[in-house]
Asker: 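I have a structure here, written as structure tokens, and I will follow up with some questions on it.
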Amino acid sequence: MAEIIELIVRFIVALVIALAVIHVSGLVFPFLLRRLWGFMGDRLGPNRVGPQGIFQPIADGIKLFTKEDITPARSNRWLFLLAPAIAFTTPMLVQVVIPFSESYTIADLNIGLLYLVAIGAFAVLGMLVGGWASNNKYSLVGGLRAAAQMISYEIPLLLTIIVVALLAGSLSLDSVVAAQEGVWFILVQPMSFLVFIIAGVAELNRTPFDLPEAESELVSGYMTEYSGMRFAFFYGLIEWGNVTVWALTASTLFLGGWRGPFISGPAWLVIKVCIFAFLIIWFFSTFPRLQVDQLMTFAWKILIPLSLVNLTVTAFFIVLMPDNYLWPIAIFSWVIMIAFVLLMPIVVKRLLLKKRLYTRLTDYGPWVISRTASMRSQYYRGNSKQTSD
Amino acid sequence: MAVAREELTAEAALERVEELAGEHIESIAIEEGGRLLIRLAGKELPIVCRAIRDDAELSFKYLVYVTATDFEDRIEAVYFLRSINHQLTADLRVDLDRERPTLPSVSSIWRTACWHERETYDFFGIIYTGHPELNRILTGVKGGVHPLRKDEQPHRVRRQEWKWDKASPPLRLPGEPDRKTRS
Amino acid sequence: MTVRPRIKTDRPYFHLEEMVLNMGPQHPSMHGVLRLVLRLNGELVIDVDPALGYLHRGFEKLAENRTYYQYLSMLSRCDYLSGIFMEWAYVRAVEDLMEIEVPERAEYLRVIAGELNRIASHQISIGDFLLNLGTWTPFFWTFRDREDILDLLEMLTGQRMMYNYMRVGGVKEDLPDGFESACRSFLRTFPKMVDQYEQLVTDNEIFLTRTLGIGVYEPDEAVDYGLTGPNLRGSGVAWDLRKAEGYSVYPKLDFEVPVGRHGDCYDRYKCRIEEFRQSVRIIEQALDGLPGGPVNVKTPPMLRPPAGEIYRAVESPRGEWGNYLVSNGGLRPYRLKLRDPSYVAISTLPRILPGNNIADVIAIAGSLDPIMGAVDR
Amino acid sequence: MTEFSPTAFYILAFMVVVFAIGVVSFKNLIHSALSMVLCFIAVAGIYILLHAELIAAAQVLIYVGAISILIIFAIMLTRHRTGDLKLFFSRQSWLALVFVAVATIVFTAVLGSANYRSESLAQNPEDEKIAELVFNSYAFPFEVVSLVLLVAIVGAVLLAKREKQ
């Protein structure tokens, strides 16, 4: 009996903490986003409710709570209502395996890493079902985009997670953190970290991969028809909850989890999560959005081969030098990452220039064709032969 | 493409037009600012247009607008052309019967003419034969109301029942189920 | 001349069910109330049918029922982002019909107001275009700088958007006190801001991927479509009415016409960016060379141009904005045709869009920069 | 954790059966697909009861995360016609009945005669042992299977492309 009570108490504590993590991130990060975004766009952002606008998220929450919850007449009612709940399971369940501190992990599964990936699937399901059930074409296209994108980016994500598993020698996240006592895996495997970030941003549907909810094309993608609290679920809690659990995962896998100088424990996790959230916000206000085919090309032709090579070489070194494999892996990974970062823009630009049609400059008229200096930029150098006979 | 680089004067252009299509036009004159004013009959329009567009020297490749003016006794259709190689403009005028204004379409000669002609049809009711999709574009009024005709006063247009045309041709595909039944 | 096939076949495309998508009239990135009826195969556009008329106000009919001056105040509602040009073409037509000589100072003021308005209009165009591509910050930056221009234009004309600045025979009034220094300080800072926009996006790989080789108009094709303004110049045709016709005092000013090479979205964007810098040059020269004298000539309150007809156009930010005016010697225009460059740009969409993605639809439509107020008139 | 709990098993087994019936009986294909997802999840629950967490995770990852999503994706891309499907089922239901009867007999026979008391690895697998089996003892068959799958994928893509032309 005592065991069962203990189990229930533990369950309730875990539930409360998991809900708190999601709700706090759903309140804090959108607000931070709007302030920082305002700062980067040379504006103020919300600053009216409370000092520096810090009560703005609460005001928004109240507004969304009291707003009418509209279910479109021709939607598939039950699935429409169910979709946010399905999507909500991902950020809730992922937290089960995250070690928050030395002593607090809800459940240290011995298949923790596999569990992470498996649970990630529910998020797609929620978006897909929500998009389909809305009976709106924008939503449907958004849902389909979400599915295609997330299935594609799951693969590089999985491949980098395997690298971490190889380095840690275990699938349990507690052991992953324990294995990083000496050196964080970001230093050993920066390439994997980079791929994890890119694929993670794609999995989270954030800029520059925010195609499923692209405002300028699909209005709001799969959540176009949602309003009131269900919209708040999708937009605030699920999206930012996912960001938080992704950041928690990334810090656990690559940044030593709760470890850190001076104070070890959840405080460091909070700092690391904030760094990732800032990264997301920074991307959001800087990058344009990719296109669907480019997104797929990037995943299948660049990220997957790269992470496969990385995985193979890592495994090779681990087998070859079982005692002292960290150094060769680190050197290889740093080299390939720096090469990737440096070469990628050059290659992309070259490919783009090839794609660009060579257009005849028909000579129209006697007046000035005066190219200004900056128009004569490098993009014109490729085929600068002018036919002004 | 061989392009004549020397400046073509309006007088030379006039001669060239007469040489190319002299028998198809009724009159040609030079207006203020070196603008060629060419009057012709409706059925000759495509021949003349093609001739002055394809001629390497004139190359009136740029159709600025197509419109019409209702002079109460007749409708005058206007085609305004520019030659980008030279500072030359040309104005093609066709007088039309007010009851049944009909003109051959030039949308196969200049692609931009397509919508200009739709607009003119919408405003004046000129029927362009051979036009690929001649339907209302801006007003979307039903019935024979063509608002820019002089006998259509604004209040009369306003009193009409305004109904938006459906987005031209019916876009339901063969095999697409009826939208009323949800699948 | 190559004829563009209705469906490009160079992309792999599977036979999925086709879907009809109504983009607009209420859509976040359609400029105004443009409605595109797209037929899609997956994400690929097969057919486009633009539906217009949601903002049709009958400008051409209204002209026949207003006196010349009454109508002038309406015109800036037509293309609401470049109202100065709307008025300019109209007063040019009326002046030339009545053979009124405009004082030189007035012409200079018109050029200053016009070029300021061109910058403001291009800022919206570029900001919106980049917003369509999914990046937010340049949008806010362009709007931040547009505020400065609107302040300047407010000093000059008393209005921020619906200027009503032009008069037949001149402009409304002379420069207000402090305008010149405010304008000069704006001209000093603005090129740095343009560099800032460029630093953020122009070299960004994602931006390049989205714009290079997308929505290509070959030069012949562009002329055949009747495109004008930056849309035509992006294709490599150096056609600018300011140079070609040399109206107003433009022949006295030293500026260049930026021309692209490839006619894609990138070149159109780049042309607009360059026109910022050229406009700054023009305004600087105009301020330097501003002559003294009156800013308008006395005209009767009820204008009666002699019977006749005239076509006058100006190079608006979107291209050739023309007014074809027929007068019968009465108090009201007998017929006024407004030739709008955006209308022409939109008319190319059914030919250029098929074969592209939904995302490209937004990019191409944004790069053509249509303003529905002028398209629907 | 705790030992095998019959109550939990009965609940899960009931769910499996109910959702499996749902898969074939829902009129709406999306409902069927979602019912299938729930069925898979319940099966994963049974695996967990059997202390086969790895297989449970794989079940969720592959069946829920990949296969079901793919099926739903395909259903959404094609506009399904309920009328046709009804016709399809009604015409061949007698045949299905025969197959179901035969399958029931065969499965009952096989499952009833199986020896559940074996101490073989398959009954209570652990990660290391599975890895040992797959990557050492049976590495060659494993690789052959993956090769066969690869060939199948390439072949499918080729067929799909050829059909287009």
Side-chain angles (χ1 to χ4, degrees), chain B residues 1 31-33 35 37 53 59 61-71 76 78 80 82 84 86-87 89 91 109-116 118-120 122-123 133 136-141 147-150 152-154 157-158 164-169 171-176 179, chain C residues 1 3 17-20 22 35-39 47 49-56 58 60-62 64-65 96 220-228 232 237-239 244-246 308-311 313 320 322 324 326 328 334-335 337-340 343-344 346-348 350-351 375-377:
Chain B
M1 188 192 302
E31 295 276 296
E32 53 88 33
R35 179 171 57 126
L37 186 71
R53 187 203 68 170
S59 74
K61 285 183 183 299
Y62 172 26
L63 174 66
V64 183
Y65 61 84
V66 174
T67 188
T69 314
D70 181 12
F71 283 110
E76 188 186 66
V78 184
F80 192 77
R82 273 185 201 279
I84 288 200
H86 322 288
Q87 171 61 310
T89 52
D91 226 336
I109 303 174
W110 294 282
R111 272 181 269 188
T112 179
C114 180
W115 275 32
H116 286 304
R118 276 177 78 183
E119 187 194 317
T120 316
D122 196 354
F123 285 165
E133 37 166 356
R136 300 262 182 185
I137 188 165
L138 286 178
T139 62
V141 210
L148 277 178
R149 293 224 183 170
K150 283 288 169 187
E152 298 288 355
Q153 284 310 308
V157 179
R158 209 178 303 135
W164 298 108
D165 273 336
K166 278 183 192 151
S168 54
L171 277 165
R172 224 177 72 200
L173 305 166
E176 192 185 33
R179 289 195 194 139
Chain C
M1 188 180 308
V3 177
E17 295 255 355
E18 290 181 353
M19 181 167 87
V20 176
N22 252 311
R35 172 173 159 223
L36 297 176
V37 184
L38 305 171
R39 228 171 70 201
D47 206 355
D49 189 7
L52 308 181
Y54 289 90
L55 210 56
H56 179 61
E60 295 178 12
K61 188 70 181 175
L62 286 167
E64 296 169 15
N65 295 279
D96 286 359
D220 286 334
E221 210 181 19
V223 173
D224 195 36
Y225 280 133
L227 290 178
T228 40
L232 179 67
V237 183
W239 172 264
E245 223 168 61
E309 56 187 40
I310 197 160
Y311 174 76
E320 177 172 350
Y324 171 64
V326 182
N328 60 351
Y334 187 73
R335 163 96 176 98
K337 152 83 185 171
L338 306 172
R339 192 266 178 198
D340 173 52
Y343 182 79
V344 176
I346 288 202
S347 77
T348 66
R351 306 298 285 269
V375 171
D376 288 345
R377 297 193 290 282

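The chains referred to below are lettered A, B, ... by the order of the sequence lines, with proteins before strands, and numbering in each begins at 1.
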Asker: Pick one of side chain, backbone, both or neither for Y343(C), based on which atoms fall under 4.5 Å of a heavy atom in chain B.
Answerer: both
Asker: Can you name the residues that form a side-chain contact (heavy atoms from CB on, under 4.5 Å) with D91(B), not counting sequence neighbours?
Answerer: R35(B), L37(B), V78(B), F80(B), R93(B)
Asker: Examine distances only and state if a side-chain atom of K61(C) and a backbone atom of P147(B) form a donor-acceptor pair shorter than 3.5 Å.
Answerer: yes
Asker: From L138(B) CG over to D376(C) CG, what is the distance, rounded to the nearest 0.5 angstrom?
Answerer: 5.5 Å
Asker: Between E60(C), R335(C), E245(C), which residue shows the highest count of heavy-atom pairs closer than 4.5 Å to chain B?
Answerer: R335(C)
Asker: Taking atom types as modelled and ignoring hydrogens, do the side chains of R111(B) and S347(C) form a donor-acceptor contact shorter than 3.5 angstrom?
Answerer: no
Asker: Quick one: does K61(B)'s side chain have a donor or acceptor within less than 3.5 Å of a partner on G226(C)'s backbone?
Answerer: no
Asker: With sequence neighbours excluded, what pairs up with Y324(C) under the ring-ring contact (aromatic ring centres under 6.0 Å, His included) test?
Answerer: Y65(B)
Asker: Under 3.5 Å, side chain of R339(C) to main-chain N/O of V64(B), donor-acceptor pair present?
Answerer: yes
Asker: Name the region of A68(B), side chain, backbone, both or neither, that has any atom closer than 4.5 Å to a heavy atom of chain C.
Answerer: backbone
Asker: Given that the side chain runs from C-beta out, which part of E119(B) has a heavy atom under 4.5 Å from chain C: side chain, backbone, both or neither?
Answerer: both
Asker: Between CG of L52(C) and CG of D122(B), what distance do you get to the nearest 0.5 Å?
Answerer: 10.0 Å
Asker: As an exercise, state the distance from CD of E133(B) to CG of D49(C), rounded to the nearest 0.5 Å.
Answerer: 6.5 Å
Asker: For the pair E64(C) and L148(B), evaluate side chain to side chain contact (heavy atoms under 4.5 Å, CB included) and give the outcome as yes or no after the intermediate values.
Answerer: CA-CA 9 Å; E64(C) 296 169 15; L148(B) 277 178; 3.7 Å; yes
Asker: Would you mind checking which part of F123(B) comes under 4.5 Å of any heavy atom in chain C, side chain (CB onward), backbone (N, CA, C, O), both or neither?
Answerer: side chain
Asker: Any idea which heavy atoms bring W110(B) and D224(C) closest together, and the distance?
Answerer: CA-OD1, 3.6 Å
Asker: Looking at Y225(C) and T112(B), what are the two nearest heavy atoms and their distance?
Answerer: O-CB, 2.9 Å
Asker: Less than 4.5 Å to any heavy atom of chain B: does that hold for the side chain of I310(C), its backbone, both, or neither?
Answerer: side chain
Asker: Apply side chain to side chain contact (heavy atoms under 4.5 Å, CB included) to the pair T89(B) and Y311(C), showing each step before the final yes or no.
Answerer: CA-CA 10 Å; T89(B) 52; Y311(C) 174 76; over 6 Å; no
